[in-house]
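One structure below.
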Amino acid sequence: MSETRHTKVLIIGSGPAGYTAAVYASRAMLEPILVQGIEPGGQLTTTTEVENWPGDTEVQGPDLMIRMEAHAKAVGTEIIGDIITDLDLSERPFKARGDSGTLYTCDAVILATGARAKWLGLPSEEKFKGFGVSACATCDGFFYRGEEIVVVGGGNTAVEEALFLTNFASKVTLVHRRDELRSEKILEDRLRKNPKIEPLWFHEIEEVYGADNPLGVEGVKVKHTKTGEVTDIPCKGVFIAIGHAPANELVKDTLETHMGGYVVTKPDSTETSIPGVFAAGDLTDHKYRQAVTSAGMGCMAALEAERFLAEQED
Ligand code: FAD
Ligand code: NAP
């Protein structure tokens, strides 16, 4: 039988934005419920060293997220392992349906569903997903010990993944569509100094190819973006690191979005186009997309939810 749970504040998402919102909402005695989603801890659980979280010169992403969860729990947040599949914002109390069957009702909601990896969209990429094609070096790098690997992209993620994969691979080719990286300079320096990494500028993946039985990648065909020339790179693993798109499925038809689906919030605020609905972190942020900025927005969302609820009682 499905259960109904009511809370003043429902927090959807368990990345830095969600857990920070939980800490602030709990300390404001709002007794929030936080629903973790399919990736408890969020994107940082897919990386290794985080070197820009203030207070930690270096911390492992998964460890940092375990600490955030423990902090939220310690101050009184109820943390639930469920996935919200449907969100009705047409009237208050808002209604969120969990994959478990539970119906969550709430007076205010904080959306912190973050972002997800983008894919190239090639049929051959789809065919070999999980069989040589991956978007998570920390999850899958270990399978490619002594093998050649291709990483696609030119941002922080691609450079970090390429560097990390040199722990396993005999060679990493970084395929980028331009000849300029958009990663931080410190990472670019490390990349250029690493003898195992070979950048391949002005190239895009045209096809991933491999064996059918058993399914496995054997290489990629890459095309020069200017000359159109196609060449072949033999490899066993292909890591796609071309950015992330906001996880807006729950609200894309009900809230205003912009810049490719990011939820619009009012200036200097986490308020969305619906009163009582707040959005924080990568779901709203097309510009910074950092753990610390997400956490900051989580704090803002909880404080704004507290103020909103107080005004309802006046
Ligand atoms: P996310 O971390 O994306 O978490 C989203 C949460 O929402 C997840 O818990 C998910 O399960 C949940 N969710 C989604 N949909 C639902 C649903 N329907 N129901 C319930 N829950 C749902 N930033 C840095 O500052 N430093 C770094 O070193 C750094 N390294 C990175 C390395 C990698 C490989 C990647 C991918 C990102 C990195 N980032 C880094 C960026 C950083 O991870 C993000 O900016 C940050 O995690 C965003 O936090 P968030 O809380 O908005 O969302
Ligand atoms: P990103 O900064 O958006 O970079 C995406 C890269 O992929 C770009 O170089 C882009 O090329 C390329 N690309 C996009 N679509 C492509 C396509 N269809 N085919 C080929 N190439 C394509 O994404 P990200 O690297 O995932 O970073 C996302 C956010 O997380 C950033 O804000 C980043 O700072 C943050 N992050 C931070 C850290 C850290 O602080 N250490 C680590 C990881 C991520 P162009 O350059 O030509 O556009």
Side-chain angles (χ1 to χ4, degrees), residues 10-21 34-54 58-61 64-65 68-69 80-87 96-99 104 110-122 125 135-139 151-161 163-164 174-184 186-187 202-205 222 225 239-251 260 279-298 301:
L10 178 69
I11 300 166
I12 307 178
S14 56
Y19 282 143
T20 307
L34 180 149
V35 178
Q36 286 181 307
I38 202 162
E39 191 175 57
Q43 291 171 66
L44 282 188
T45 60
T46 69
T47 191
T48 49
E49 292 92 10
V50 175
E51 298 177 27
N52 49 19
W53 179 256
E58 188 181 306
V59 58
Q60 295 291 308
L64 178 61
M65 297 319 299
M68 284 195 203
E69 177 180 352
I80 299 183
D82 200 355
I83 301 168
I84 302 300
T85 53
D86 189 49
L87 184 61
R97 177 66 68 183
D99 192 44
Y104 303 89
I110 295 176
L111 304 165
T113 50
R116 283 195 204 108
K118 281 191 204 162
W119 296 93
L120 294 169
L122 302 169
E125 170 193 61
C136 178
T138 41
C139 318
V151 174
V152 188
N156 273 335
T157 303
V159 174
E160 281 193 343
E161 302 233 318
L163 288 164
F164 175 73
L174 181 82
V175 176
H176 184 34
R177 62 186 178 184
R178 298 187 291 134
D179 66 345
E180 213 179 304
L181 297 168
R182 54 170 82 231
S183 58
E184 288 169 22
I186 189 169
L187 293 174
F202 295 119
H203 277 80
E204 283 179 328
I205 305 284
V222 290
T225 56
F239 287 82
I240 312 294
I242 60 168
H244 287 73
N248 66 10
E249 295 80 1
L250 294 173
V251 293
D282 279 14
L283 174 67
T284 72
D285 179 11
H286 57 89
K287 196 167 173 192
Y288 302 107
R289 292 171 296 174
Q290 300 293 302
V292 71
T293 44
S294 297
M297 284 186 261

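When a ligand or atom number is given, it counts from 1 through the structure's own listing order.
- Counting heavy atoms from C-beta outward, D82 and Y104 have side chains that approach closer than 4.5 Å.
- No side-chain donor-acceptor contact under 3.5 Å links T225 to the backbone of H203.
- A distance of 6.5 Å separates CD1 in I186 from CD in E51, rounded to the nearest 0.5 Å.
- By the 3.5 Å distance cut-off applied to N or O atoms, Q290 is counted among the residues near ligand 1.
- Contacts with ligand 1 closer than 4.0 Å are made by heavy atoms of both the backbone and the side chain of D282.
- Interface of Y288 with ligand 2, defined as ligand atoms under 4.0 Å from a residue heavy atom, comprises 32 (O).
- Scanning the protein heavy atoms around atom 47 (O) of ligand 2, the nearest turns out to be R178 NE, 2.7 Å.
- Formation of a donor-acceptor pair under 3.5 Å by the T138 side chain with backbone atoms of T48 is not found in this model.
- The ligand atoms of ligand 1 that sit less than 4.0 angstrom from a heavy atom of R116 are 14 (C), 15 (N).
- Among protein heavy atoms, the minimum distance from atom 30 (O) of ligand 2 is reached at R289 O, 3.5 Å.
- Remark: distances from the non-hydrogen atoms of H176 to ligand 2 include one below 4.0 Å.
- Between E160 and ligand 2, an N or O atom pair is found at a separation short of 3.5 Å.
- Between the side chain of E125 and the backbone N or O of G121, at least one donor-acceptor pair lies under 3.5 Å.
- Remark: ligand 1 atoms within the under-4.0 Å shell around heavy atoms of N52 are 24 (C), 25 (O), 26 (N), 27 (C), 28 (O).
- Taking 4.0 Å as the cut-off, Q290 counts as a neighbour of ligand 2 on heavy-atom distance.
- One option in I84, L187, L283 has a heavy atom closer to atom 17 (C) of ligand 1 than any other, and that option is I84.
- Not one N or O of L120 is nearer than 3.5 Å to an N or O of ligand 2, by distance alone.
- Which parts of ligand 1 touch L250 is read off a 4.0 Å heavy-atom cut-off, strictly below it: atoms 18 (N).
- Proximity of a side-chain donor or acceptor of T113 to a complementary backbone N or O of A247 within less than 3.5 Å is detected.
- Protein heavy atom at the shortest distance from atom 53 (O) of ligand 1 is G114 CA, 3.3 Å.
- Residue contacts with ligand 1: H244 is included, with a non-hydrogen atom under 4.0 Å away.
- The part of A115 lying near ligand 1 is the backbone, judged by heavy-atom distances below 4.0 Å.
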Quick one, T284 with M297, criterion side-chain contact (heavy atoms from CB on, under 4.5 Å). Give me CA distance, side-chain angles, the key distance, then yes/no.
CA-CA 9 Å; T284 72; M297 284 186 261; 3.5 Å; yes
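- Proximity of P16 to V292: side-chain heavy atoms (C-beta onward) are nowhere separated by under 4.5 Å.
- Less than 4.0 angstrom separates some heavy atom of A112 from each of these atoms of ligand 1: 5 (C), 6 (C), 7 (O).
- If you check which protein heavy atom lies closest to atom 47 (O) of ligand 1, you get P16 CD, 3.6 Å.
- Distances below 4.0 Å separate heavy atoms of A17 from the following atoms of ligand 1: 51 (O), 52 (O).
- The closest non-hydrogen atom to atom 35 (C) of ligand 1, taken over M68, M65, Q43, Q36, comes from Q43.
- At a 4.0 Å cut-off, not a single heavy atom of A247 sits close enough to ligand 1 to count as contact.
- Of the N or O atoms in T46, none lie within a sub-3.5 Å distance of an N or O in ligand 1.
- Remark: minimum distance from atom 8 (C) of ligand 2 to any protein heavy atom is reached at R182 NE, 3.5 Å.
- The residue among E161, Q43, E51, R177 with a heavy atom at the shortest distance from atom 16 (C) of ligand 2 is R177.
- Contacts with ligand 1 closer than 4.0 Å are made by no heavy atom of T85, backbone or side chain.
- Close approach to H244 involves these atoms of ligand 2, each under 4.0 Å from a residue heavy atom: 26 (O).
- Checking only distances, K287 never comes within under 3.5 Å of ligand 2, N or O to N or O.
- Counting heavy atoms from C-beta outward, L10 and V35 have side chains that approach closer than 4.5 Å.
- With sequence neighbours excluded, the residues that form a side-chain hydrogen bond (donor to acceptor under 3.5 Å, both in side chains) with E249 are R116.
- Atom 24 (P) of ligand 2 has its closest protein heavy atom at T157 OG1, 3.2 Å.
- Closest protein heavy atom to atom 21 (N) of ligand 1: G37 CA, 3.1 Å.
- For the pair M297 and ligand 1, no heavy-atom separation below 4.0 Å is found.
- Which parts of ligand 1 touch G13 is read off a 4.0 Å heavy-atom cut-off, strictly below it: atoms 6 (C), 7 (O), 12 (C), 21 (N).
- Among protein heavy atoms, atom 7 (O) of ligand 2 sits closest to I242 CA, 3.2 Å.
- Taking atom 23 (O) of ligand 2 as the reference point, the nearest protein heavy-atom neighbour is G243 CA, 3.3 Å.
- With a heavy-atom cut-off of 4.0 Å, L181 does not touch ligand 2 at all.
- Atom 38 (C) of ligand 1 has as its closest protein heavy atom L44 CD2, 4.1 Å.
- Looking from atom 39 (C) of ligand 2 to the surrounding protein, the closest heavy atom is N52 ND2, 3.7 Å.
- Atoms of ligand 1 lying under 4.0 Å from at least one heavy atom of I12, given by number and element, are 19 (N), 20 (C), 21 (N).
- With a heavy-atom cut-off of 4.0 Å, T113 touches ligand 1 through backbone and side chain alike.
- Taking every non-hydrogen atom of G154 and a distance limit under 4.0 Å, the qualifying atoms of ligand 2 come out as 6 (C), 7 (O), 8 (C), 9 (O).
- The E184 neighbourhood of ligand 2 comprises atoms 39 (C), 40 (O), with distances under 4.0 Å to a heavy atom of that residue.
- Interface atoms of ligand 1 facing E39, defined by a heavy-atom separation under 4.0 Å, are 8 (C), 9 (O), 10 (C), 11 (O).
- Annotation: E204 places no N or O atom under 3.5 Å from an N or O atom of ligand 2; distance criterion only.
- At distances below 3.5 Å, not a single donor-acceptor pair connects side-chain atoms of D179 with backbone N or O atoms of F202.
- T20 places no side-chain N or O within 3.5 Å of a backbone atom of A17 that could act as its donor or acceptor partner.
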